[in-house]
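Scroll down for the structure; my scribbles are underneath it.
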2 protein chains.
Amino acid sequence: MTETRTALTRERVLRAAIALADEGGIAAVTMRRMAENLGAEAMSLYYHVSNKEDVLDGMVELLGQEINEITSRISGTPDAQGWRAVARQRILAAREVLLRHRWAPGVLATRTSISPSVAKYHDGLIGLMRSDGVSFDLIHHGLHALGSRALGFAQELFDPGNGPVDESVITAMAPELPNIAAMLAEVAHDDPESTLGWCDDQTEFEFSLDLILEGIEARARAA
Amino acid sequence: MTETRTALTRERVLRAAIALADEGGIAAVTMRRMAENLGAEAMSLYYHVSNKEDVLDGMVELLGQEINEITSRISGTPDAQGWRAVARQRILAAREVLLRHRWAPGVLATRTSISPSVAKYHDGLIGLMRSDGVSFDLIHHGLHALGSRALGFAQELFDPGNGPVDESVITAMAPELPNIAAMLAEVAHDDPESTLGWCDDQTEFEFSLDLILEGIEARARAA
DNA sequence: GTTGTAAGTCTTACGCCGTAAGGCTAGCCG
DNA sequence: CGGCTAGCCTTACGGCGTAAGACTTACAAC
């Protein structure tokens, strides 16, 4: 008569959250509803998840894993084609995942810490460009220009608020993120007196802005 | 002994909301706190504002006005300099306003309707480019590429969700927004069989992506 | 077999939130 | 004077995240 339910796990909790968000938007994700869908009580989730913010972090982490599973299969080493074609493919593949999880852009925009899987994704892009000879400095600016377009949508963390970049997160997992670590080592040293820490928002913004405005102008001239 | 307080108005309510958000982030904006800061009760606000969503809409509207007051003073007609220099100035000026209202990107991203003042701002940009001979088609793609960078930050409405663009909002105020109206008339007719309505997200995304990737590549070659 | 311990779950409760329903008050118009 | 309406308030409801702590099970040690 002992009705055995599948045991709760962090992953099951997060998958329940994602299922709810996929179906009803991020507002549909509440601790009570997650619990209900898992046949448990709201407070039981807190054993596997520290709070709701942790749930959102976890959703992003799983999302990143889903993206990496797909994009890692897109030729890590560009053969005949240069980095740009490969990057394009990966970004458009990531976009397809995002299109299945409409809640993701909004949630990504509110994260204050870096998701390991999302970091890994960017690490792959950096490695791709680097292997084709692009300088870390340009890669760095370029990723800012792409912004969240690198993840398949157009949205940028404009409001990090969290002060200087927490490099410890990156350096701690340097073995996993060799390219980010290498870039950080070089670019950070190149510009030690930056007013806003590693990434000067204003500088990055103007770089991107000019890149785009010039691109439009060039196309206008061509027409 | 009748203690006369300043009367509540929609504008005072919205300004209270903005003040709260400026100070404590968007989460600090609650009906009760707004009322308290105004020396009133929460439910009294509902006479001047239909609900909280309306408050957020109103905050964006005032923000747009603040931006327009500044950017409208930046040479509407480019003289010696081309459209690009003027657009750059306007966008960086808008950015400064955004930097004073850190809550704005996140709130803008969640709006489902178009704010008149923000529409007016974009109308100005369109007019600027058009007056310099850029085609509406290219302007249209270009604004998508800029995304929310046109407003001074980097974030794009990826998830309109609201289906096809509600053109009635635009056409209703065509006298106020001559350039948007003109662009819409031309571009919409140009591409009647677009699968996703007026703005094909995928097309726009790829246009922007290629613009940026090519720009990075060009700079890499130049280095 | 009994007991101790820890993991996992649940109960209860608190203070927030947005807002529905409707009451009070003051000024204006007939 | 009586009624109307604009403007503000009171009360209350159902939702939220989660703190505090009690219960239940499983298993190890004796």
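Residue numbers begin at 1 in each chain, while the letters A, B, ... track the order of the sequences.
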Considering only heavy atoms from C-beta outward, does the side chain of A:I18 approach that of A:W103 to under 4.5 Å? yes
Hey, could you give me the NE2/CG distance between A:H101 and A:L99, rounded to the nearest 0.5 Å? 10.0 Å
For B:H48 and D:dC8, is the shortest distance between a side-chain N/O and OP1 or OP2 below 4.0 Å? yes
Is there a side-chain contact between B:Y47 and the phosphate of D:dC8, meaning an N or O under 4.0 Å from OP1 or OP2? no
Taking the side chain of A:M43 as heavy atoms from C-beta outward, which of D:dT18, C:dG18, D:dT10 is closest to it? D:dT18
Using whole Å, report how far CG of A:L8 lies from C1' of C:dC10. 12 Å
Would you say B:S44 reaches D:dG7's phosphate, i.e. side-chain N/O to OP1/OP2 under 4.0 Å? no
Need one value for B:V49: base, sugar-phosphate or nothing, where a base atom within 4.0 Å counts as base even if backbone is also close, heavy atoms only. nothing
Could you check A:R32 against A:E41 and say which one's nearest nucleotide on DNA chain C is further toward the 5' end? A:E41
Using the rule given for side chain to side chain donor-acceptor pair (under 3.5 Å), can you reason through B:E11 versus B:H48, listing the C-alpha separation, both sets of side-chain angles and the distance that settles it, and then say yes or no? CA-CA 9 Å; B:E11 171 146 354; B:H48 305 276; over 6 Å; no
Closest nucleotide among C:dC17, C:dC10, D:dG17 to the A:A40 side chain: C:dC10
Using modelled atom types and a 3.5 Å cut-off, is there a donor and acceptor pairing between side-chain atoms of B:S117 and backbone atoms of B:E61? yes
